[in-house]
Novice: 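Here it is, the structure, as structure tokens.
So that the names make sense, note that chain A is the first sequence line, chain B the second, and so on, each numbered from 1. Quick note: numbers below take in every heavy atom, side chains included, and nothing from hydrogens, waters or symmetry partners.
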Amino acid sequence: MNVRVRYAPSPTGLQHIGGVRTALFNYFFAKSQGGRFILRIEDTDQTRFSPESLQDIYDTFDWLGIREDEGPRNGGDFGPYIQSERLEKYRIAAEHLVKEGQAYHCFCSPERLETVRQEQVKAKSSNQGYDRACRNLSPDEIEKKHAQGMSSVIRLKVPLEGETSFSDVVLGTVVRKNSDVNPDPVILKSDGYPTYHLANVIDDHEMAITHIMRAQEWIPSGPLHVILYKAFGWTPPIYAHLPMVMGSDGQKLSKRHGSTSLVDFRKQGYLPEAIINYISLLGWSFDSEREFFSRQELETLFYIEGLQKSPAVFDYKKLRWFNGHYIRNLTDSMLSVAILPSLVDSGLVSSTPSKSEVEIIEQSLPLARERLVLLNEAPEVIGFLFKEELDYETSALVPKGLNEQQTREVLGKIANEIDNLLNGSPEDAEAWFHETAEKEGRKLGQLMMPARIAITGTKASPPLIPSIRLLGREKSVTRLEQAQAKLAPIGD
RNA sequence: GUCUCCUUCGUCUAGUGGUUAGGACACCGGGUUUUCAUCCCGGCAACAGGGGUUCGAGCCCCCUAGGAGAUGCCA
């Protein structure tokens, strides 16, 4: 079979975890099967459409490194790929169904519908939904209402009896009584636009889609769509309903739980590699051992049987862990490119970095790499290399067991030693600290910590000696002196 | 309210009638280490409950409970 799958987002908001996972799974399935991945824009809700959302879809794809084989950007033989450009097809199809007696015009006002709905809820009625008031309007009545200029929608005539089933790759066969299917949903709105149900069925058929992979929230619509396919005399594609992505409280993942949009993750310094790897493991697994997958590997390894039935909880901590892992795997040049924006944004480095800035960044990479979980943390990890002024509490300088004066002496001693610390080997420098500590009956930390605070401004920092070397003689001495000045003067 | 789907460690999962129920994150402890990290080692921790079927059930069937989703002129 020539696999053709699609991702069909509606441009009404930013791309989020759930949607992206659907896109990825479709993409991976297509690639692994040698099939085609189609991007279709479902902009049938004119009130919620936004151009930024459309752009965000493309940006997200680009950032993740996935590319559609067919879509609005690169065309294809089945276009147009934007539903608002296919209006005529839907209208004709809907009218065709009306003519065939499989759909009908409905003149109910939104207000009436709302009243009906409220009454049903209040009465805890067992069948909620449209009451099919217009289902059996006579041709005369319909004509009369049209003549009066009443606007109408077209509703699908869902069979009152019997049942409808579809086969699903992950769920098996799903059967539903027709009486339980959404009672006569609108397929063509009064503004002439189709609803999702109509547009998606027509497009999937016309675009020769072979498999529909979408989230499980669509299961209830499955039978409805099958009824639509039958009404047109078409064969439905194969379904694969993906388990939903939940928040930590078991509810559908939403902003309440934290960041969900891909731009957010991107801004926070997540790598696309980490996102792809982690997201792919939400509701899918390869085997019991393997957990690292590149995009390229997934393009061949993905298999539909690895799909899970039960919902998956999105675990921010595990995503972070993946991100740290991928950061550690970055080459120096990739890492320096990756952290530059955060350094620029925080004002530490000029937007067109000077040669010396670039040099410092590059040399700091070995120190930064294993301390970063998010790219955005770069400023706090290596920011001291670029700052003019350090900001810390004087009390932080003083280690346990020493008073201010002793601390000042320690700092002075280190300042005096600076040339040797810089010129000798790092091992020699380290040895000096050990020897000095021993000679003076002090703990190593009592020498290192004051210096660390003085040099980096924080007690959690990259290793001291390399940090001093990176900072350079002049700044190091200055900082050690500034630190001494902060402490109580001699004779105090 | 009705319908549908789901149910293995806290989380993601492996498991397809016979396993000490495996791995990963998180957490806890230890080691390496100048702090923080990284890295290494170890530990804690699960088959929702109840009935069957079977010589034998996490795996098959039924019921119960719990969770989620749908129920729009939104997708």
Side-chain angles (χ1 to χ4, degrees), chain A residues 8-13 19 42-45 47-48 106 108-110 113-114 117 120-130 151-155 168 171 174-177 179-183 185-191 193-197 199-200 214-223 241 243-244 246 248 250-252 278 281-292 306 308-322 324 328 367-373 381 430 433-434 437 443-445 447-449 451-453 456 458-465:
Chain A
S10 67
T12 53
E42 309 221 326
D43 60 341
T44 54
D45 185 344
T47 59
R48 295 200 307 151
C106 165
C108 294
S109 67
L113 261 19
E114 185 53 31
R117 203 174 355 255
Q120 286 168 339
V121 171
K122 214 166 110 196
K124 297 193 172 175
S125 164
S126 64
N127 46 333
Q128 307 208 8
Y130 182 53
S151 77
S152 68
V153 300
I154 293 178
R155 289 182 182 272
D168 185 291
L171 300 176
V174 178
V175 190
R176 204 170 201 202
K177 289 204 288 273
S179 55
D180 291 329
V181 172
N182 186 350
V186 171
I187 55 175
L188 199 75
K189 309 181 219 178
S190 55
D191 64 0
Y193 279 74
T195 59
Y196 167 79
H197 302 299
N200 122 74
R214 42 133 84 144
Q216 279 184 3
E217 57 188 324
W218 292 108
I219 293 175
S221 306
H241 284 96
M244 312 240 303
M246 314 302 237
S248 49
Q251 313 269 112
K252 200 165 149 184
Y278 178 64
L281 262 17
L282 247 29
W284 181 84
S285 70
F286 182 71
D287 62 18
S288 62
E289 302 297 322
R290 183 160 178 186
E291 60 181 346
F292 292 120
Q308 192 83 9
K309 283 183 186 180
S310 46
V313 173
F314 189 84
D315 183 353
Y316 288 87
K317 284 188 174 172
K318 190 151 190 179
L319 207 214
R320 285 174 60 85
W321 176 77
F322 267 111
R328 274 169 252 134
L367 306 185
R369 179 176 282 105
E370 57 201 32
R371 268 161 264 265
L372 293 177
V373 169
V381 175
E430 199 177 327
F433 274 97
H434 278 98
K443 290 181 183 160
L444 193 55
L447 302 194
M448 297 290 244
M449 275 320 269
R452 183 186 309 284
I453 303 288
T456 70
T458 160
K459 52 186 172 179
S461 82
L464 179 59
I465 295 160

Novice: Output the single nucleotide from B/rU34, B/rC12, B/rC74 whose closest atom is nearest the side chain of A/L281.
Specialist: B/rC12
Novice: Could you tell me whether A/R320 contacts a base, only the sugar-phosphate backbone, or nothing, with contacts defined as non-hydrogen atoms closer than 4.0 Å?
Specialist: nothing
Novice: Considering every strand and a 4.0 Å limit on heavy-atom distances, what is the contact class for A/V186: base, sugar-phosphate, or nothing?
Specialist: sugar-phosphate
Novice: From the set B/rA75, B/rU4, B/rU34, return the single nucleotide nearest to any side-chain atom of A/I219.
Specialist: B/rU4
Novice: In whole Å, measure the gap between the P atoms of B/rC60 and B/rG18 for me.
Specialist: 12 Å
Novice: A/E289 has a side chain; which of B/rG67, B/rG23, B/rC74 sits nearest to it?
Specialist: B/rG23
Novice: How long is the gap from CZ on A/R452 to NZ on A/K459, to the nearest 0.5 Å?
Specialist: 11.5 Å
Novice: Going by modelled atom types, is there a donor-acceptor pair between the base of B/rA24 and the side chain of A/K318 at under 3.5 Å?
Specialist: yes
Novice: Which comes earlier along RNA chain B counting from the 5' end, the contact point of A/K252 or that of A/R155, where each point is its nearest nucleotide?
Specialist: A/K252
Novice: Taking the minimum atom-to-atom distance to the side chain of A/S461, which one of B/rG23, B/rC74, B/rU35 wins?
Specialist: B/rU35
Novice: Angle between ring planes, A/F314 versus A/Y316, binned at 30° and 60°: parallel, tilted or perpendicular?
Specialist: perpendicular
Novice: Just how far, in rounded Å, is P of B/rC74 from CD of A/E42?
Specialist: 13 Å
Novice: Identify the two heavy atoms, one from A/F433 and one from A/L447, that lie closest to each other, and give their separation to 0.1 Å.
Specialist: O-CD1, 3.6 Å
Novice: Would you indicate which nucleotide in B/rA24, B/rC6, B/rU2 comes nearest to any side-chain atom of A/W321?
Specialist: B/rA24
Novice: Considering every strand and a 4.0 Å limit on heavy-atom distances, what is the contact class for A/F433: base, sugar-phosphate, or nothing?
Specialist: nothing
Novice: So for A/Q216 and B/rG69, does any side-chain atom that can act as donor or acceptor lie under 3.5 Å from a complementary atom in the base?
Specialist: no
Novice: Counting only side-chain heavy atoms from C-beta out, which of B/rC73, B/rA68, B/rG1 sits nearest to A/M244?
Specialist: B/rA68
Novice: Taking N and O atoms by type only, does the side chain of A/S10 place a donor or acceptor under 3.5 Å from a partner on the base of B/rC74?
Specialist: no
Novice: For the C1' atoms, the ones on B/rC41 and on B/rU53, what distance do you get once it is rounded to whole angstrom?
Specialist: 46 Å
Novice: To the nearest 0.5 Å, how far apart are OG1 in A/T47 and CG in A/D191?
Specialist: 8.5 Å
Novice: Measure the distance from CG on A/N182 to P on B/rC74 and round it to the nearest whole Å.
Specialist: 12 Å
Novice: A/H241 near the nucleic acid: base, sugar-phosphate alone, or nothing, with a heavy-atom cut-off under 4.0 Å?
Specialist: nothing
Novice: Would you kindly give the CG-to-P distance between A/L447 and B/rU35, to the nearest whole Å?
Specialist: 13 Å
Novice: Would you compute the distance between atom CG of A/L367 and atom OG of A/S461 and round it to the nearest 0.5 angstrom?
Specialist: 9.0 Å
Novice: For a quick check of understanding: with a heavy-atom distance under 4.0 Å over all strands, which category does A/G129 fall into, base, sugar-phosphate or nothing?
Specialist: sugar-phosphate
Novice: Nearest whole angstrom, please: distance from the C1' of B/rG72 to the CD1 of A/I154.
Specialist: 18 Å
Novice: Which residue lies toward the 5' end of RNA chain B, A/P9 or A/S126, if each is placed at its nearest nucleotide?
Specialist: A/S126
Novice: Give the rounded distance in Å between these two atoms: CZ of A/R48 and C1' of B/rG72.
Specialist: 11 Å
Novice: Give one of base, sugar-phosphate or nothing for A/K177, where a contact means two heavy atoms less than 4.0 Å apart.
Specialist: nothing
Novice: How far does the C1' atom of B/rU7 sit from the matching atom of B/rU11, given to the nearest Å?
Specialist: 15 Å
Novice: Would you mind classifying the nucleic acid contact of A/S310 as base, sugar-phosphate or nothing, using non-hydrogen atoms under 4.0 angstrom?
Specialist: sugar-phosphate
Novice: Base, sugar-phosphate alone, or nothing: which one does A/P110 contact when heavy atoms must sit under 4.0 Å apart?
Specialist: base
Novice: Among the candidates B/rG72, B/rU34, B/rG22, find the nucleotide nearest to the side-chain atoms of A/P463.
Specialist: B/rU34
Novice: Picking from B/rU34, B/rA68, B/rC25, which would you name as closest to the side chain of A/K317?
Specialist: B/rC25
Novice: Using a cut-off of less than 4.0 Å, is there contact between a side-chain N or O of A/T44 and OP1 or OP2 of B/rA75?
Specialist: yes
Novice: Using whole Å, report how far NZ of A/K459 lies from P of B/rC36.
Specialist: 10 Å
Novice: Nearest of B/rU35, B/rG69, B/rC12 to any side-chain atom of A/R371?
Specialist: B/rU35
Novice: So what does A/Q308 touch, heavy atoms closer than 4.0 Å: a base, only the sugar-phosphate, or nothing?
Specialist: sugar-phosphate
Novice: Do the side chain of A/R452 and the base of B/rU34 come within less than 3.5 angstrom through a donor-acceptor pair of N or O atoms?
Specialist: yes
Novice: To the closest 0.5 Å, what do you measure between CD1 (A/I219) and CG (A/L171)?
Specialist: 5.0 Å
Novice: Which listed nucleotide (B/rA26, B/rC6, B/rG67) is nearest to the side chain of A/K309?
Specialist: B/rC6
Novice: Between A/E370 (CD) and B/rA37 (C1'), how many Å, whole number?
Specialist: 6 Å
Novice: Looking across every strand, which nucleic acid part, if any, lies under 4.0 Å from A/D45 by heavy atom: base, sugar-phosphate, or nothing?
Specialist: sugar-phosphate
Novice: What is the nucleic acid contact for A/S125, judged by heavy atoms within less than 4.0 Å: base, sugar-phosphate only, or nothing?
Specialist: base
Novice: Could you tell me how far apart A/R328 (CZ) and B/rA37 (C1') are, to the nearest whole angstrom?
Specialist: 9 Å
Novice: Which whole number of Å gives the distance between the P atom of B/rA45 and that of B/rC62?
Specialist: 34 Å
Novice: Using a heavy-atom cut-off of under 4.0 Å over every strand shown, decide if A/G283 touches base, sugar-phosphate, or nothing.
Specialist: sugar-phosphate
Novice: Start with the C-alpha distance between A/Y278 and A/W321, add both sets of side-chain angles, then the distance that settles side chain to side chain contact (heavy atoms under 4.5 Å, CB included), and finish with yes or no.
Specialist: CA-CA 10 Å; A/Y278 178 64; A/W321 176 77; over 6 Å; no
Novice: For the CD atom of A/Q216 and the NE2 atom of A/H241, what is their distance to the nearest 0.5 Å?
Specialist: 8.0 Å
Novice: A/S285 side chain N/O closer than 4.0 Å to the phosphate oxygens (OP1, OP2) of B/rA14?
Specialist: yes
Novice: Mind checking the P distance from B/rC59 to B/rC9? Whole angstroms is fine.
Specialist: 14 Å
Novice: Contact class for A/L319 vs. all strands (heavy atom < 4.0 Å): base, sugar-phosphate, or nothing?
Specialist: nothing
Novice: Checking all strands, does A/L372 fall into the base, sugar-phosphate, or nothing category for heavy-atom contacts under 4.0 angstrom?
Specialist: nothing
Novice: What interatomic distance, in whole Å, is found between C1' of B/rG42 and the corresponding atom of B/rC61?
Specialist: 42 Å
Novice: How many angstroms lie between atom OH of A/Y196 and atom OG of A/S10, to the nearest 0.5 angstrom?
Specialist: 10.0 Å
